[in-house]
Student: 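What follows is a structure written as C-alpha cells; I'll ask about it next.
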Amino acid sequence: MEAKCLLMLETDAATRRSISEAARDEGYRSEAAETEEAFRRSYVFGNPALIVVDMDHEDDVASDVLRFLAEQACPLPVVLVTSFDATVLDAIGHLARLRGLRIVGVVDKAEAPAHVRRLVRSVASCAAGDLRDEMRRALRRGEIVPRYQPILDLRTSTVIGVEALMRWDHGLLGLLPAGDFARAAEDAGVFDELGWHVIERALAEFFAPAHRAWSAFLSVNASPRQLAERGFADRLLRAIRSAGGTPRRVTLEVTESSSMEHPARALALFGRLRSAGVRLALDDFGKGYSSFSLLQRMPFDILKLDQEFVRRAPTSRDTRVILSTLVGLGRSLGLAVIAEGIESSACLDIARKFGVTLGQGFYLGEPVACDLLPCLLEGAHGAPA
Ligand code: C2E
Ligand code: MG
Ligand code: MG
C-alpha cells in the first residue's frame, strides 16, 4: 500500500526537513510546496492525508492556501505552524476553523516536528468534536446573542420591524456574524441549538414588559433542520407565549430548501403557524433554484428578495430586469416584498423606483444590540408615541 502523504506549505528549509523526517519516521511520505500554485497541484494530485501550513510568509500565500482549502471544503486535518505569539496563533486557528477547516493544531515552529509526529499517530482519533465543544461553551457563557437589523417602510422611511440575526460575541475575534460560522456550526451539529437559543432570547428581549406598547414586528430565522424537527410549531408558539408576545407580531423567515424537501410536511407546518397568527417570509428568494410554484403552493406573506439582486442592481442592467420581474411577481401574488442588501443610496433609489415598499440593509441600518431597540422602535410606524 502506498504511504500516506503529508502536504506542507513551507519555505523554511530547516523546518521542512525536520517535519519531513518526523513524518517519514511515522510512515508518511511528504510533499512540500513553496507557492500557492504548487500547493494546489500537490493537493489535487498528491492525495494528501494531512496538511501543514506555515503561516510565516511575508506575502499572503498562507492565507490564499487556507482560502483555497476552505473553498474546496477540505475535510483533511490541518496543522498551522508559526513563530507568532500565542494570542495571534489562537486567532489564526479560530479564523481558519470558522471557515470550516478542520484545524487540529496551531503550533510554534520549534515544536512543529514533534507535534507532527504525535499527530500522525493520532490522526484517526482527532475527532471533529473540538469546535462543537467550543460552541457549546460559547452558548453557556452567553456569547451567542441576537442583533437586530431594522426593516423599513421605504415609502415613509419608518422602521416597521426588526430581524434577529445570530452573532458570536467572541472574546478574541470580536462580534462574528452568522455567515462566518454557520457552516462550521452546521458541520459540528450545533447550529440548530444556537438557532433556538437566538430565537428564544430575541423573543424575550423584544417582548420585554417595557417594550409591549410597540407595534413593530420581530422576524426570526429557522434553518431547514430546525423546521424539520417534530414539534417545531409547538416549541415556537410556546416560546412566543412565554416571552409575553403575540404570534401576530412574529415573522418566521424560511428558505426555499426547507419548503422543497418535504412539501407536504412544510405545508402543514406553515398552515398551523399561520393560523396561529405567525407571518411567513420566504428568505433569499432568487438564490439557487427558485421554484415559482412554491410561491403559489405555500402560504407565504412576505417575499425577501436575495441581496445579490439588490446589491448588483445599480451596476447591472440584467440584474435590474430580474429585480423588477421578481418585484412584479411578488406583488401580483399579493405578497409584501422586502429588498434586502440595500447598501447604498443607489440601491435604495432603484428599489423605490421598482415599487418595492419594504427594505433592509446596511445603508438603512446595521444590526444593533437589544439596548438600542427603543431608539429604533419607539418612533416606529404605528407604534404609540
Ligand atoms: P439572512 O437571514 O438573509 O440575513 C441577512 C444577512 O445579510 C445577515 O448576515 C446580515 O448581517 C446581512 N446584511 C444585512 N444587510 C446587508 C447589506 O446591506 N449588505 C450585506 N453585504 N449584508 C447585509 P448574517 O447575520 O451573517 O447572516 C447570514 C445568514 O445566516 C442569514 O441570512 C441567515 O440565513 C443565517 N442566520 C442568521 N441568524 C440566524 C439565526 O438566528 N438562525 C438561523 N437559523 N439562521 C440565521
Ligand atoms: Mg433572514
Ligand atoms: Mg436573506
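Atoms within a ligand are numbered from 1 in the order they appear, just like the ligands themselves.
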Student: Can you sort out which atoms of ligand 1 are near Leu165, meaning under 4.0 Å from one of its heavy atoms?
Tutor: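 Every atom of ligand 1 under 4.0 Å from some heavy atom of Leu165: 4 (O), 8 (C), 10 (C), 11 (O), 25 (O), 37 (C), 38 (N).
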Student: Taking heavy atoms and a distance under 4.0 Å, where does Gln360 meet ligand 1: side chain, backbone, both or neither?
Tutor: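 No part of Gln360 comes within reach of ligand 1.
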Student: Can you check whether Arg312's main-chain N or O pairs, donor with acceptor, with Thr315's side chain at less than 3.5 Å?
Tutor: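 Here the side-chain-to-backbone pair exists.
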Student: What is the name of the N/O/S atom in Glu163 that sits closest to the Mg ion (ligand 2)?
Tutor: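 In Glu163, the heteroatom (N, O or S) nearest the Mg ion (ligand 2) is OE2.
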Student: Is there a donor in the side chain of Asp153 and an acceptor in the side chain of Thr158, or the other way round, less than 3.5 Å apart?
Tutor: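 Checked: Asp153/Thr158 side chains show no N/O donor-acceptor pair below 3.5 Å.
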Student: Of all N, O or S atoms in Asp284, which has the smallest distance to the Mg ion (ligand 3)?
Tutor: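 The Asp284 atom nearest to the Mg ion (ligand 3), restricting to N, O or S, is OD1.
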Student: Considering non-hydrogen atoms of the protein only, which is the closest contact for atom 23 (C) of ligand 1, and what is the distance?
Tutor: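 Looking only at protein heavy atoms, the one closest to atom 23 (C) of ligand 1 is Phe362 CZ, 3.3 Å.
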Student: Does Glu193 pair with Arg136 as a salt bridge, N-O distance under 4.0 Å?
Tutor: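 Yes, charged N to carboxylate O under 4.0 Å.
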Student: If you measure from each non-hydrogen atom of Ala222 to ligand 1, which part falls under 4.0 Å: side chain, backbone, both or neither?
Tutor: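 Under 4.0 Å from ligand 1, Ala222 contributes backbone atoms alone.
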Student: Just which atoms of ligand 1 are under 4.0 Å from any heavy atom in Arg167?
Tutor: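 Those qualifying, in numeric order: 11 (O), 24 (P), 25 (O).
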Student: For a distance under 2.8 Å, tell me if Glu340 has an N/O/S atom near the Mg ion (ligand 3).
Tutor: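 Here the distance criterion (N, O or S atom, under 2.8 Å) is met by Glu340, so yes.
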Student: Please confirm whether Gln226 approaches ligand 1 to less than 4.0 Å, judged on its heavy atoms.
Tutor: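 It does, in that a heavy atom of Gln226 comes within the 4.0 Å cut-off of ligand 1.
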Student: Could you list the atoms of ligand 1 found under 4.0 angstrom from a heavy atom of Pro177?
Tutor: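 What qualifies from ligand 1 is 26 (O).
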Student: Hey, is atom 11 (O) of ligand 1 touched by any protein heavy atom at less than 4.0 Å?
Tutor: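 Under the 4.0 Å cut-off, atom 11 (O) of ligand 1 does have protein heavy-atom neighbours.
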Student: Do me a favour and list the nearest non-hydrogen protein atom to atom 44 (N) of ligand 1 with residue, atom name and distance?
Tutor: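 Nearest neighbour among protein heavy atoms for atom 44 (N) of ligand 1, to 0.1 Å: Ser223 N, 3.3 Å.
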Student: For atom 2 (O) of ligand 1, is there a protein heavy atom at a distance under 4.0 Å?
Tutor: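 It does; a protein heavy atom is within 4.0 Å.
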Student: I'd like to know if the side chain of Ser258 and the backbone of Val254 have a donor-acceptor N/O pair within less than 3.5 Å.
Tutor: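 Side chain of Ser258 to backbone of Val254, a donor-acceptor pair under 3.5 Å: no, none is there.
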Student: Would a 4.0 Å cut-off, counted as strictly less than, catch a protein heavy atom around atom 29 (C) of ligand 1?
Tutor: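 No, there is none.
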Student: Please name the atom of Glu253, limited to N, O or S, that comes nearest to the Mg ion (ligand 2).
Tutor: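 In Glu253, the heteroatom (N, O or S) nearest the Mg ion (ligand 2) is OE1.
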Student: Any idea which part of Phe191 is under 4.0 Å from ligand 1, heavy-atom wise: side chain, backbone, both or neither?
Tutor: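 Side chain only; the backbone of Phe191 stays clear of ligand 1.
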Student: Any chance you could measure Arg167, atom CZ, to Phe181, atom CZ, to the nearest 0.5 Å?
Tutor: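 If we round to the nearest 0.5 Å, Arg167:CZ and Phe181:CZ are 7.5 Å apart.
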Student: Does an N or O anywhere in Gly361 fall below 3.5 Å from an N or O of ligand 1?
Tutor: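 Such a contact does not occur with ligand 1.
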Student: Is there a protein heavy atom less than 4.0 Å away from atom 5 (C) of ligand 1?
Tutor: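 It does: a protein heavy atom is found less than 4.0 Å away from atom 5 (C) of ligand 1.
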Student: Using a 4.0 Å cutoff against the non-hydrogen atoms of Val198, which atoms of ligand 1 qualify?
Tutor: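 Answer, ordered by atom number: 41 (O).
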Student: Is the distance from the Mg ion (ligand 2) to the nearest N/O/S atom of Asn221 under 2.8 Å?
Tutor: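 Here the distance criterion (N, O or S atom, under 2.8 Å) is met by Asn221, so yes.
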Student: Find, among atoms of Asp283 that are N, O or S, the one nearest to the Mg ion (ligand 3), and state its name.
Tutor: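 It is OD1, the N, O or S atom of Asp283 closest to the Mg ion (ligand 3).
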Student: Would you please say whether a donor-acceptor pair under 3.5 Å links the side chains of Asn221 and Gln226?
Tutor: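 No, no side-chain donor-acceptor contact under 3.5 Å.
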Student: As an exercise, identify every atom of ligand 1 less than 4.0 angstrom from a heavy atom of Gln149.
Tutor: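 It comes down to these atoms of ligand 1: 14 (C), 15 (N).
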